[in-house]
*Asks:* 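Sharing a structure with you now.
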Amino acid sequence: AQRVTQPEKLLSVFKGAPVELKCNYSYSGSPELFWYVQYSRQRLQLLLRHISRESIKGFTADLNKGETSFHLKKPFAQEEDSAMYYCALRGLYNFNKFYFGSGTKLNVKP
Amino acid sequence: DGGITQSPKYLFRKEGQNVTLSCEQNLNHDAMYWYRQDPGQGLRLIYYSQIVNDFQKGDIAEGYSVSREKKESFPLTVTSAQKNPTAFYLCATGRTEKETQYFGPGTRLLVL
């Protein structure tokens, strides 16, 4: 079964501290993974995708196939990073299907 | 994603009533999706459509219906068979199979 797990519902850190939002997946192939972010009163939007190997707003995420993880990291959190973060997995047999985790709310305190 | 509009922003449903949520896009995307977002459960796929006049059930289609008569529009009807309709509903679009998704602003449905 294809599934995405985000074990933390809420993560609170102080400004300037490192942050890691966890994402684990179950998948029987080469996964395509995404991180989406939803800021307060804004739309859900793509933050980054693993195949792009990019850093967006200082965030990076590395696919670890051995641990089936795709954790989102940032070395120094900013207050404007406070938002809801969702990890998502594209379907194996149907590329049009996406599987979302339950989300982690990141709260960056001043 | 400014090209995806959902209306209304808030919708109230009475017992036994069918209600329709609108989703319109001007991005010329082929694929359109409806998700339901509940606290602590993330997004769950209700229906999706890859092309006009075609759509498939997602993981929680029971109590919902859709149509795709035009490329730009993918309305979702919440029928009286949906016993727990209170949720935030998100519409999304996608260009091709290999592209990511773009989301609308959402509609919050409440039951009176």
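Below, chain A is the first sequence line, B the second, and so on; all start at residue 1. Every value quoted in this text rests on a predicted model; they were computed, and no experiment measured them.
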*Asks:* Answer yes or no: are there more than 12 heavy-atom neighbours, outside K71(B) itself, under 6.0 Å from its atom NZ?
*Replies:*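 Correct, the count exceeds 12.
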
*Asks:* Restricting to non-hydrogen atoms, name the atom on G104(B) and the atom on R43(A) that form the minimum distance, rounded to 0.1 Å.
*Replies:*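 Minimum heavy-atom contact is CA-NH1, 3.7 Å.
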
*Asks:* May I ask you to test the Y33(B)-K97(A) pair for a side-chain heavy-atom distance under 4.5 Å?
*Replies:*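 Not in contact.
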
*Asks:* With a cut-off of 6.0 Å (strictly less than), are more than 12 heavy atoms of other residues, nucleotides or ligands near CD of E15(B)?
*Replies:*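 Count not over threshold, so no.
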
*Asks:* For the CD atom on E79(A), are there more than 12 heavy atoms of other groups (residues, nucleotides or ligands in this structure) within a distance under 6.0 Å?
*Replies:*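 Counting neighbours around CD of E79(A), more than 12 heavy atoms of other residues, nucleotides or ligands fall under 6.0 Å, so yes.
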
*Asks:* Could you state the interatomic distance from CD (Q38(A)) to CG (L90(B)), rounded to the nearest 0.5 Å?
*Replies:*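 Here the rounded value is 6.5 Å.
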
*Asks:* Look at the side chain of R44(B) and the backbone N and O of Y99(A), then say whether any donor-acceptor pair between them is shorter than 3.5 Å.
*Replies:*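 It does not hold such a pair.
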
*Asks:* Under 4.5 Å from any heavy atom of chain A, what part of L43(B) do you find: side chain, backbone, both or neither?
*Replies:*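 The answer is both parts of L43(B).
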
*Asks:* Other residues, nucleotides and ligands only: do more than 12 of their heavy atoms fall within 6.0 Å of CZ on F76(A)?
*Replies:*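 Result for CZ/F76(A): open.
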
*Asks:* Hey, could you give me the CD/CZ distance between Q101(B) and R90(A), rounded to the nearest 0.5 Å?
*Replies:*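 If we round to the nearest 0.5 Å, Q101(B):CD and R90(A):CZ are 8.0 Å apart.
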
*Asks:* Taking C-beta and beyond as the side chain, do L45(B) and F100(A) meet within less than 4.5 Å on heavy atoms?
*Replies:*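 L45(B) vs F100(A): side chains apart.
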
*Asks:* If you draw a 6.0 Å radius around OH in Y39(A), do more than 12 non-hydrogen atoms from other residues or ligands fall strictly inside?
*Replies:*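 Atom OH in Y39(A) is crowded, with more than 12 foreign heavy atoms closer than 6.0 Å.
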
*Asks:* Please state whether the side chain, the backbone, both or neither of Q56(B) comes within less than 4.5 Å of a heavy atom of chain A.
*Replies:*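 The answer is neither part of Q56(B).
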
*Asks:* Could you state the interatomic distance from CG (L44(A)) to OH (Y102(B)), rounded to the nearest 0.5 Å?
*Replies:*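 Rounded to the nearest 0.5 Å, the CG-OH separation comes out at 13.0 Å.
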
*Asks:* ring-ring contact (aromatic ring centres under 6.0 Å, His included), that's the test. Do F98(A) and Y35(B) meet it? Break it down for me.
*Replies:* CA-CA 10 Å; F98(A) 288 76; Y35(B) 290 92; 7.8 Å; no

*Asks:* Just wondering, more than 12 heavy atoms not from K15(A) lying within 6.0 Å of its NZ?
*Replies:*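 No.
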
*Asks:* When you group the ILVMFWY residues by side-chain heavy-atom contacts below 4.5 Å and let the links chain together, are L63(A) and L89(A) in the same group?
*Replies:*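 In one cluster: yes.
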
